[in-house]
Protein chains: 2
Amino acid sequence: MDEFQPPGRLVTLTDVAREAGVGESTVSRVLRNHGSYSKRAGARVAEAVARLGYVPNRLAGSLAGQGASARLVGVVIPSLANVVFPDLLRGLTSALDAEGIPCVIGVSEYDPDREEALAAALLSWRPAALLLTGLEHNPGTVALARAGGVRVVEMIDTDGDGIDTVVGFSNRAVGAASARHLVARGYRRIAYLGHDLRIDVRAGKRLAGFEEALAEAGLALQAQEIRSGPSSPASGRAGLEALLARHPDLDAVYFSNDDMALGGYFACLAAGLAVPGRIALFGFNGLDFAAAMPQPLSTVRTPRLEIGRRAAACLTDQSPKKIDLGFELIEGATA
Amino acid sequence: MDEFQPPGRLVTLTDVAREAGVGESTVSRVLRNHGSYSKRAGARVAEAVARLGYVPNRLAGSLAGQGASARLVGVVIPSLANVVFPDLLRGLTSALDAEGIPCVIGVSEYDPDREEALAAALLSWRPAALLLTGLEHNPGTVALARAGGVRVVEMIDTDGDGIDTVVGFSNRAVGAASARHLVARGYRRIAYLGHDLRIDVRAGKRLAGFEEALAEAGLALQAQEIRSGPSSPASGRAGLEALLARHPDLDAVYFSNDDMALGGYFACLAAGLAVPGRIALFGFNGLDFAAAMPQPLSTVRTPRLEIGRRAAACLTDQSPKKIDLGFELIEGATA
DNA sequence: TTGAAAGCGCTAACAT
DNA sequence: ATGTTAGCGCTTTCAA
């Protein structure tokens with residue numbers, strides 16, 4: 001391998017043009033395979049690129065190009081600690097990589113103000129699109145998104161109005177379906193165990209749908225345990241122990257997600273409580289481990305990867321739309 | 001919803017200058033708080049920015065600025081399906097967000113050729129740094145990274161030579177420590193259960209260290225089960241069932257990671273096998289759920305977030321270095 | 001099919 | 001303290 005380039009000085013398109021003995025615009029045409037050029041010019045440019053190890057500068061390319069928008073998409077997610085969001089990114093990147101469009105990510109930690117700051121920061125890179133999570137944003141975020149001149153896609157949640165395009169499922173409907181399942185199975189003394197609803201709006205919507213469906217059946221939540229901090233198996237385990245200590249007569253628990261439910265299951269195993277005989281457990285998300293449990297977890301599978309993929313597909317669409325990808329209730333064996 | 005902006009025409013710094021009645025460079029100075037300007041100029045610019053809803057164009061800013069490198073970092077990870085990598089990103093973004101530097105990500109799916117293509121694509125955005133995973137890359141990737149004129153940080157693995165800076169831990173040492181733990185606990189008929197080692201080099205290094213330490217104790221692996229596809233609890237469960245069917249006399253199993261081990265634990269629960277009495281289980285990663293299990297999983301906790309944070313910290317460092325963050329063996333109750 | 005030249009929106013001298 | 005100006009590395013008319 002040759003020695004390093006003098007660091008400040010990377011190979012430019014001008015260098016390639018000189019090396020290939022053609023004009024800059026010809027190099028540009030060859031590189032983007034746009035416009036017409038001779039076979040000979042094509043070959044000489046290809047050679048020069050290889051010889052020089054040229055890597056195009058997309059900063060300059062995007063600035064000069066049409067619309068001055070970059071082949072990048074900005075993505076703001078609330079967290080990386082919950083599998084849901086990496087899954088979303090997974091769907092996104094799998095679809096975007098094919099087009100050579102990378103994601104620029106920002107993590108808001110469920111803070112609307114941070115979300116707004118991140119949206120502004122990402123928009124400053126002039127991405128082709130801005131992807132947000134959920135439908136609840138600061139007014140400032142909405143204003144930025146509208147003024148940004150980019151396609152905006154809000155992912156995951158369809159319960160409400162979007163800025164532009166929305167891809168997801170109805171969290172209220174998930175909650176309602178979960179409640180109806182528990183009711184149909186004969187459970188009557190049902191509790192909710194979740195993490196902080198102020199930070200996770202969508203969990204709040206599920207709970208609202210859940211309670212609504214309970215009410216339709218003439219039932220009400222017997223108890224509710226809200227743990228501080230993020231959801232986790234440890235939190236679910238401690239939460240279920242606390243819940244059962246206070247309300248020994250419960251016969252079913254609806255968890256804010258599968259991680260919490262797994263912790264609940266562990267609590268039952270540790271305490272020797274029969275599931276679902278003594279207590280039924282119902283989760284949310286349909287994560288991998290749910291199906292591998294000795295008793296498959298009763299839960300709802302959400303189309304996380306699909307949401308990411310569809311969001312990517314929407315970037316090229318013309319008109320805004322709302323896409324509800326639905327969900328699947330997995331009966332499992334714990335409720 | 002109001003109508004969209006005429007898409008082509010976003011507010012520019014020149015617009016702000018006109019609106020504020022000052023020169024462009026003054027606006028630039030105010031915005032970057034660099035150089036000197038009067039209180040009055042500062043105020044007028046701030047007003048104009050707010051009134052116009054100006055969002056700076058960093059494409060242009062980076063192109064014009066020193067070194068022409070963008071306040072972005074490029075990150076190539078092999079997967080988003082394994083918690084390890086989102087955790088890495090989590091550490092990274094938590095440190096970089098403070099500086100307003102977003103990550104541009106690429107997911108290689110454990111394919112070195114894709115990694116190379118992604119490295120080139122990310123480098124074309126002229127990031128301030130390129131972060132790679134592991135130490136094994138195509139020669140082309142290494143050449144790109146060296147010629148890119150950027151700081152390169154390789155994360156996670158310290159077993160080998162890096163391009164520039166390396167932050168991680170020794171996978172061989174993890175494997176060796178795990179084996180010594182099992183041997184010390186009196187297990188003798190030990191098997192390995194993992195996923196495809198050709199795609200996960202680091203799991204291979206752990207296994208090598210594990211076998212080496214076994215050999216030092218005069219022992220050898222009794223069996224080995226390699227599942228195709230990614231690691232998952234379902235794969236771990238099926239794998240342990242297969243392993244025990246073929247080798248009923250095993251007394252301990254070393255899993256390629258905690259997800260696999262969780263599946264193994266589920267297999268034991270389902271089959272009514274005492275853990276660790278009948279069979280001991282040992283994992284890797286120290287994920288959240290490990291500590292919440294009825295019997296805490298015996299595993300090794302890896303400093304994933306810390307690796308991300310330290311990698312971020314290295315970006316401003318002058319000289320290359322290798323940072324070994326170590327790991328922690330968690331005795332747990334399953335081995 | 002090709003090259004020359006005018007920007008894209010910004011930063012960084014250099015004047016003033 | 002502030003304005004003027006020359007680029008940064010590309011793309012894209014426009015002529016040739």
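Throughout, protein chains are lettered first and strands after them, A, B, ... in sequence-line order, and every chain is numbered starting at 1.
Between A:L10 atom CG and D:dG9 atom C1' the separation is 11 Å, expressed in whole Å. D:dC8 atom C1' lies 16 Å from atom CH2 of B:W125, rounded to whole Å. Atom CD in A:E24 sits about 10 Å away from atom P in D:dT11, given to the nearest Å. Between the C1' atom of D:dC10 and the CZ atom of B:R126 lies a distance of 11 Å, rounded to the nearest Å. Between B:Q66 atom CD and D:dG7 atom P there is a gap of 16 Å when expressed in whole angstrom units. The CZ atom of B:R29 sits 11 Å away from the C1' atom of C:dA13 (whole-angstrom rounding). When rounded to the nearest whole Å, the span between CG of B:D15 and C1' of C:dC10 equals 13 Å. Atom-to-atom, CG of A:L63 to P of C:dC8 comes out at 9 Å; the value is rounded to the nearest Å.
Near-neighbour residues of DNA chain C inside residues 30-41 of chain A, defined by a heavy atom below 4.0 Å, number-ordered: A:S36, A:Y37, A:S38, A:A41.
Using a 4.5 Å heavy-atom cutoff, the side chains of B:R126 and B:L63 are not in contact. Under the 4.5 Å side-chain criterion, counting only non-hydrogen atoms from C-beta, A:L13 is not in contact with A:P56.
Exactly one of A:D164, A:V166, A:T165 qualifies for a side chain to side chain contact (heavy atoms under 4.5 Å, CB included) with A:K322. That residue is A:V166.
The phosphate of D:dT11 has OP1 or OP2 within less than 4.0 Å of a side-chain N or O from A:S28. Between C:dG9 and B:T12, no contact under 4.0 Å exists linking OP1 or OP2 to a side-chain N or O.
For A:R114 and A:E109, the salt-bridge test fails: no basic side-chain N is under 4.0 Å from an acidic carboxylate O. The existence of a salt bridge linking A:D15 and A:R9 is confirmed by a sub-4.0 Å separation between a basic side-chain nitrogen and an acidic carboxylate oxygen.
As judged by a 4.0 angstrom heavy-atom cut-off over every strand, A:S25 is placed among the base-contacting residues. Across all strands, B:R58 comes closer than 4.0 Å to no nucleic acid atom at all (heavy-atom distances).
Looking only at distances, no side-chain donor or acceptor of B:S62 sits under 3.5 Å from a matching main-chain atom of B:L59.
Closest to the B:A60 side chain, of the nucleotides D:dG3, C:dC10, C:dA13, is C:dC10.
Taking the nucleotide of DNA chain D with the nearest heavy atom to each of A:V55 and B:T26, the more 5' of the two is matched to B:T26.
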>> With salt bridge (charged side-chain N to carboxylate O under 4.0 Å, His left out) as the criterion, how do A:R309 and A:E306 come out once you've worked through the C-alpha distance, each side chain's angles and the decisive distance to 0.1 Å?
In response: CA-CA 5 Å; A:R309 275 190 233 108; A:E306 186 65 7; 2.5 Å; yes
